[in-house]
Amino acid sequence: MATLYVNRASTMHKLGLLEECLRDCDRSISVSPNYAKAWYRRGMVNASLKNYSSAIRDLEDALSMEVTSSGKSSIEQELKLILQKHENVNEVGTSSSNCMDEGLPLTEQQRKVILECISTPNKGRGMTSPNDISPASLIHAEDPLAVIIMKSCRDTHCHYCFSEAPADVVFCPSCTIPIYCSNRCQEEAVGQISWNQNACLESNNSVVDIAKLSVTSTRCKTQIAEHRHECGGAHWAAVLPADIVLAGRIMAQYIEKQLLAGKRTTISGPNLDLVHHYNQDSPASKFESHIYATVLLLCLQSYYKSGVSWAEDSLSQLVLLICQIKVNSIAIVHMKSMDGGKVLTVNKGFSGSSGAVMCSVEQVRVAQAIYMSGSFFNHSCQPNVHAYFRSRTLVLRSSEYIKAGTPIELSYGPQAGEMDLPERQKSLRENYYFSCGCSNCSVLSLSDLVMNSFRCPQSNCLGAVSELIYYRCKENSVHVSIGESHVCTLSLPDISKFDEDMVKVGNLFFKSDAILNIDPGFCMSCRSQLDLSSAVAISDRATSKINRLKELPALDNVPEVVIAEALQSLEQTEKLRHPYSKALAQAQDTIAEAFAKVGDQEQARKHCKASIKILEKLYHPSHIIIAHELIKLVSIELSMGDGASASAAFARADAIFSLYYGPDVKRILPYVDALRRTVSERSVGSC
């Protein structure tokens, strides 16, 4: 084993994977402490890292252990060279990257937000606070009760912290199926499970005590392996769906906890006190849950054998547990920079003569988890808290001022500005079995009127033309329908609280108290009619041509005709789509990226700004989506050499990121911190 580790370390060293090489040397030494080659290799990699003091000690140890004269001579030569470098160069410490969270900052531990569980007639159980909450305040932090990595990330990410796996992964010592980025993650997964002090499983009356919650990240010392019951047999996670594996892990934790406590009673199942909506499931979905529960029970019985006796209702309890996981599990999402950070470091495109890459990010769904306390926060399509993840820890932070007693709500996925009203309602009904009644889903809003709308055929009118049916009643309410299918009923907003855009887009709603019916294809402001079917067909063709720019493998040599065709399609889109529509914003963004890649940064900036202007109407100027779009603009302006403009745009984006992530910005969005340094250097240079 020691030889294998040294051989791999040598390969890592040649590939420039210095930290991985160092870890393999340590592993070799732990197996064979007197192995000279391991000490020699560690000395050489420490020298590459400019840790000359450590390198000298390692090579001296290697020299004392080496038995061949040729080996001693080689080590002496290297030692002499490193001693010379040590005399001329200041010592530089190793960079120890730590994938695990070391807990919340002390200042945040001291600022506790008291949470209360309440019950409301419309949304049932939810969370609020008896105190006012300032923007960017830490609301809640919680480790998962159970978690499973997504199948798409099994071979690329650590199965414990979910960071991207290094070249020298560590395997589970029992089954070698899960991979970990470090020994620490392996030890946490194999030997310990995290339990939030507010979420415990009990044998009979298992409830989550959330009458009063405060920010905490404490752990129970119970030594329970995360996936030990899955070792040695079939690979559960490869065969079964993620929610079924989660159910198995929760059951295994429950059983192990009973056994550790010396309770050898008949096992039924944990009562998580979470909603399950079993009665609302379709017959096919119920049948599937019963089949998977049967398979899961047989797997658990096979592992525990005669050590556990099962109650008669074990199968039905497993069915309910699976249903609870379906509607309460949360996707763990990590942010990934799509350009690999190139735009932050290269000078290509600085003069505008060659291409540069717009700095963009995407959310990568890496795992699925159950958070007991986190499950008690209700949904809103315009949430007042932002959810993100520090490794596997769920963190909730206020994104606006929250008055005492106001419901504290996060987004389950659908958000205003991201999806229109019918899409949001459909998604929530299909996945969570409820229709949303938040402020954005109960009051007529600008973003829902314009998102998928078309432009009024009258050039001087800003009214929106929709594919939906709007029927206004006398009691100042609006029924929204798709064909004969009713979507929802909305209240009219207090127009004094809205800007003039709302009146211009839907003037007919506010003109009088009369009953009003606006059919698809008619302007909401002046009733002018648009040939909707023709407009949809032309718009779809134009969008398809613009999206061809995304499919091109390399844009350095894009024929001018392709760009010209895309610009013509954009012109068609601008004539047909409403000026605030999502389709127009996406078209502007796609063309901005194309211009950035071919080196026309002036045009890239123009279209990027146009996209941002539309998105500010759909969301709001301080929404996190705007911050990510501003980062694209910053990368373009840096490529143009406009340090002052880049600095101003970055300052605005940084303020939004700080609102949503607080002091975690550097940890969650490392590329933003790298861009901050670049902006600082370029802005000073331009001055």
Side-chain angles (χ1 to χ4, degrees), residues 101-145 194-202 205-221 271-275 328-330 332 369-412 437-439 622 624 657-665 667-668:
D101 294 308
E102 297 296 342
L104 299 164
L106 181 61
T107 54
E108 298 219 303
Q109 291 179 8
Q110 294 168 346
R111 295 199 308 266
K112 293 185 177 180
V113 173
I114 302 301
L115 302 177
E116 293 180 344
C117 183
I118 59 171
S119 181
T120 60
N122 295 330
K123 293 191 175 184
R125 191 166 46 189
M127 302 300 290
T128 186
S129 175
N131 306 321
D132 293 345
I133 302 174
S134 301
S137 296
L138 180 65
I139 301 289
H140 182 66
E142 179 185 2
D143 284 342
L145 173 65
S194 300
W195 291 73
N196 185 283
Q197 67 179 15
N198 299 308
C200 304
L201 294 176
E202 299 296 342
N205 294 322
S206 169
V207 296
V208 182
D209 183 11
I210 54 172
K212 296 276 184 181
L213 291 178
S214 61
V215 173
T216 177
S217 59
T218 59
R219 298 185 175 200
C220 174
K221 294 182 179 179
N271 176 17
L272 297 186
D273 194 28
L274 298 175
V275 296
N328 290 283
S329 64
I330 295 176
I332 297 179
I370 287 289
Y371 296 91
M372 288 299 295
S373 300
S375 298
F376 287 88
F377 289 85
N378 280 325
H379 164 82
S380 172
C381 294
Q382 194 165 6
N384 50 19
V385 298
H386 177 60
Y388 61 94
F389 300 89
R390 292 164 50 103
S391 179
R392 56 167 47 197
T393 302
L394 170 68
V395 180
L396 302 181
R397 192 176 295 277
S398 58
S399 55
E400 60 185 60
Y401 174 79
I402 304 175
K403 191 176 180 180
T406 302
I408 301 174
E409 297 174 326
L410 50 83
S411 170
Y412 290 0
C438 71
S439 58
S622 296
I624 193 169
F657 284 135
S658 297
L659 173 64
Y660 280 78
Y661 293 105
D664 286 333
V665 173
R667 182 190 297 267
I668 306 300

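As a basis for the values below, the full set of heavy atoms in this structure was taken, side chains included, without hydrogen atoms, waters or symmetry mates.
The shortest side-chain heavy-atom distance between L115 and F377 falls under the 4.5 Å cut-off. Using a 4.5 Å cut-off on side-chain heavy atoms (C-beta onward), L138 and V395 make contact. Here the side chains of K123 and E409 are in contact, with some heavy-atom distance below 4.5 Å. Between L145 and L272 there is a side-chain heavy-atom pair separated by less than 4.5 Å. Between L396 and L394, some side-chain heavy-atom pair lies under the 4.5 Å cut-off. Taking the side chain as every heavy atom from C-beta outward, P144 and I370 never approach each other to under 4.5 Å.
Considering CZ of F389 and CG of D664, their distance stands at 13.0 Å, rounded to 0.5 Å. From F376, atom CZ reaches atom CG of N328 across 8.5 Å, with rounding to the nearest 0.5 Å. Interatomic distance, CD1 of I668 versus OG of S391, reported as 9.5 Å (0.5 Å rounding).
No side-chain donor-acceptor contact under 3.5 Å links H386 to the backbone of S399. A donor-acceptor pair is defined here as one N or O able to donate and one able to accept, closer than 3.5 Å; such a pair exists between the side chain of S398 and the backbone of S137. With hydrogens and angles ignored, the 3.5 Å screen pairs no side-chain donor or acceptor of T128 with any backbone N or O of E116. Side-chain N or O atoms of N384 include none that pairs as donor or acceptor with a backbone N or O of T406 at under 3.5 Å. Side chain of S129 to backbone of N131: a donor-acceptor contact under 3.5 angstrom is found. In this structure, R397 contributes its side chain and A136 its backbone to a donor-acceptor pair below 3.5 Å.
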Exercise for the section: Take F657 and I624, measure what side-chain contact (heavy atoms from CB on, under 4.5 Å) needs, and give me the verdict at the end. Expected result: CA-CA 7 Å; F657 284 135; I624 193 169; 4.2 Å; yes
Handout entry: Residue pair N378, L410: steps toward the side-chain contact (heavy atoms from CB on, under 4.5 Å) verdict
Key = CA-CA 6 Å; N378 280 325; L410 50 83; over 6 Å; no
Exercise for the section: Give the intermediate values and the outcome of side-chain contact (heavy atoms from CB on, under 4.5 Å) for residues E142 and S373. Expected result: CA-CA 8 Å; E142 179 185 2; S373 300; 3.3 Å; yes
Practice task
Under the side-chain contact (heavy atoms from CB on, under 4.5 Å) rule, what do C117 and R125 come out as? Steps first, then yes or no, please.
Solution key: CA-CA 7 Å; C117 183; R125 191 166 46 189; 3.2 Å; yes
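The residues D143 and R390 are annotated as not salt-bridged, no charged nitrogen and carboxylate oxygen being separated by less than 4.0 angstrom.
The two residues Y401 and D132 come nearest to each other via the heavy atoms OH-OD2, 2.7 Å. Considering every non-hydrogen atom in both C438 and C381, the closest pair reads SG-N, 3.3 Å.
Side chain to side chain, Y661 and R667 fail the donor-acceptor criterion of an N or O pair below 3.5 Å.
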